[in-house]
Amino acid sequence: MNILGIDVGGSGIKGAPVDIETGEMLTERIRVKTPKKGEPEPIAEVVKQIAQSFNWNGPIGIGFPAPIKGGVTLMAANVSEKWVGTNADELFTKVTGCECTLINDADAAGLAEMAFGAGRGQPGTVIMITLGTGIGTAIFHRGQLIPNTEFGHLEINGVDAEFRASAFARERDKLSWKKYAKRVNRYLNTMEKLFWPDLFVIGGGISKDSEKFLPLLTIDTPAVPAQLLNGAGIVGAALGALHK
Ligand code: BGC
């Protein structure tokens, strides 16, 4: 079965049709810049545009940077406040004319990595961490997802973790990889002391540069890059539509 997977991010909205049995994207992905204020209608229009460029009229799974319950976006950290309380499943379905299902973006990436990537066959506790505009988390035990965890907002010394350790923070503060690794290490060290996971899978746009900072980590838990790299968000968004 094929589902159009779309990953809504703080800077770009990316999509491609996905074969959900194999986890493969069936074409090159399309990327469109995220509309400036990140408001609901303009984002829904971009999703429509991406669907149209694939002549798509089947189901669409959308990864979105917020906790989502019953299709409703509950919080807005890096997108417009207007998302809070919006029934996003309904909005996207109305605008695109296709059946749309939203899932938190990190949960989506985690589902993809557990099914087809670095988490495949991992029996214990696996924590997917996405480092991008914000920090997303997805926690699995024996392959089962606990949805909507928001540990990117864990406060460390009174500061939101994503403010210091997201990929965006590295660029904003012009950090060397060594300095950035130190911040990521601090964050993962706090997480491992709280969850005692068996594996961290590190995803997000920065996963393509993982060899520059993952080897510098000194935490006890193994930390591996997402195998689907940035594609995990798209593939997982498609898988998320199945969970509805
Ligand atoms: C949001 C999360 C999201 C993460 C990654 C955070 O700011 O609160 O819902 O998963 O960014 O995009």
Side-chain angles (χ1 to χ4, degrees), residues 5-15 31 33-35 37-40 43 46-47 61-89 92 101-114 119 126-140 145-156 159-172 183-184 187-188 190-191 195 200-208 210 225-226 228-237 239-240 243:
I6 298 208
D7 184 17
V8 176
S11 58
I13 300 177
K14 295 148 274 180
R31 183 182 192 278
K33 264 187 147 185
T34 306
K37 292 182 192 152
E39 291 182 350
I43 289 188
V46 171
V47 171
I62 301 167
F64 191 83
I68 292 150
K69 269 190 177 174
V72 177
T73 39
L74 299 173
M75 196 181 91
N78 292 307
V79 283
S80 155
E81 280 289 318
K82 289 192 180 161
W83 284 99
V84 180
T86 294
N87 191 320
D89 275 10
F92 283 75
T101 308
L102 264 78
I103 176 174
N104 170 263
D105 56 356
D107 287 352
L111 285 179
E113 286 296 322
M114 293 304 287
V126 179
I127 305 187
M128 170 93 204
I129 309 266
T130 62
L131 302 171
T133 310
I135 294 183
T137 56
I139 303 185
F140 295 83
L145 170 69
I146 300 166
N148 291 319
T149 57
E150 286 285 337
F151 288 101
H153 300 293
L154 186 69
E155 278 189 20
I156 303 178
V159 182
D160 203 296
E162 76 173 19
F163 182 78
R164 290 190 49 83
S166 65
F168 173 73
R170 186 185 77 84
E171 287 168 20
R172 183 198 60 215
R183 290 193 185 182
V184 174
Y187 173 59
L188 294 180
T190 308
M191 289 292 284
F195 292 99
F200 284 118
V201 180
I202 310 297
I206 210 165
S207 49
K208 63 179 183 312
S210 58
L228 285 80
L229 299 175
N230 220 4
I234 294 175
V235 173
L239 290 179
H243 283 231

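When a ligand or atom number is given, it counts from 1 through the structure's own listing order.
- Enclosure of atom CZ in Arg164 is not indicated, since only 12 or fewer non-hydrogen atoms of other residues, nucleotides or ligands lie within 6.0 angstrom.
- One N or O on the side chain of Thr149 and one on the backbone of Thr137 form a donor-acceptor pair closer than 3.5 Å.
- Summary of contacts: the protein heavy atom closest to atom 6 (C) of ligand 1 is Glu162 OE1, 3.3 Å.
- Less than 4.0 angstrom separates some heavy atom of Asn104 from each of these atoms of ligand 1: 2 (C), 3 (C), 9 (O), 10 (O).
- Using a distance-only test at 3.5 Å, with no hydrogens or angles considered, no donor-acceptor pair links the side chain of Ser207 to the main chain of Gly203.
- Looking only at protein heavy atoms, the nearest one to atom 4 (C) of ligand 1 is Ile135 O, 3.4 Å.
- Under 4.0 angstrom from ligand 1, the non-hydrogen atoms of Ala77 all belong to its side chain.
- Side-chain atoms of Trp83 come within 3.5 Å of backbone atoms of Gly38 as a donor-acceptor pair (strictly under, hydrogens ignored).
- Asp160 contributes no side-chain N or O that, together with a main-chain N or O of Glu155, makes up a donor-acceptor pair within less than 3.5 Å.
- Judged by distance alone, with hydrogens and angles left aside, the side-chain atoms of Thr130 form no donor-acceptor pair with the main-chain N or O of Gly204 at under 3.5 Å.
- No side-chain donor-acceptor contact under 3.5 Å links Asn104 to the backbone of Ile68.
- At the top of the distance list for atom 2 (C) of ligand 1, counting protein heavy atoms only, stands Glu150 OE1, 3.2 Å.
- Those atoms of ligand 1 with a heavy atom of Asn78 less than 4.0 angstrom away are 7 (O).
- From the protein, the heavy atom lying nearest to atom 10 (O) of ligand 1 is Asp105 OD1, 2.6 Å.
- Looking only at distances, no side-chain donor or acceptor of Asp107 sits under 3.5 Å from a matching main-chain atom of Ala138.
- Which parts of ligand 1 touch Met75 is read off a 4.0 Å heavy-atom cut-off, strictly below it: atoms 8 (O).
- Of all atoms in ligand 1, listed by their number and element, those nearer than 4.0 Å to a heavy atom of Gly136 are 4 (C), 5 (C), 10 (O).
- Residue contact check: Ala66 has heavy atoms under 4.0 Å from atoms 9 (O) of ligand 1.
- Close contacts between ligand 1 and His153 involve ligand atoms 1 (C), 6 (C), 7 (O), 8 (O) [criterion: under 4.0 Å to a heavy atom].
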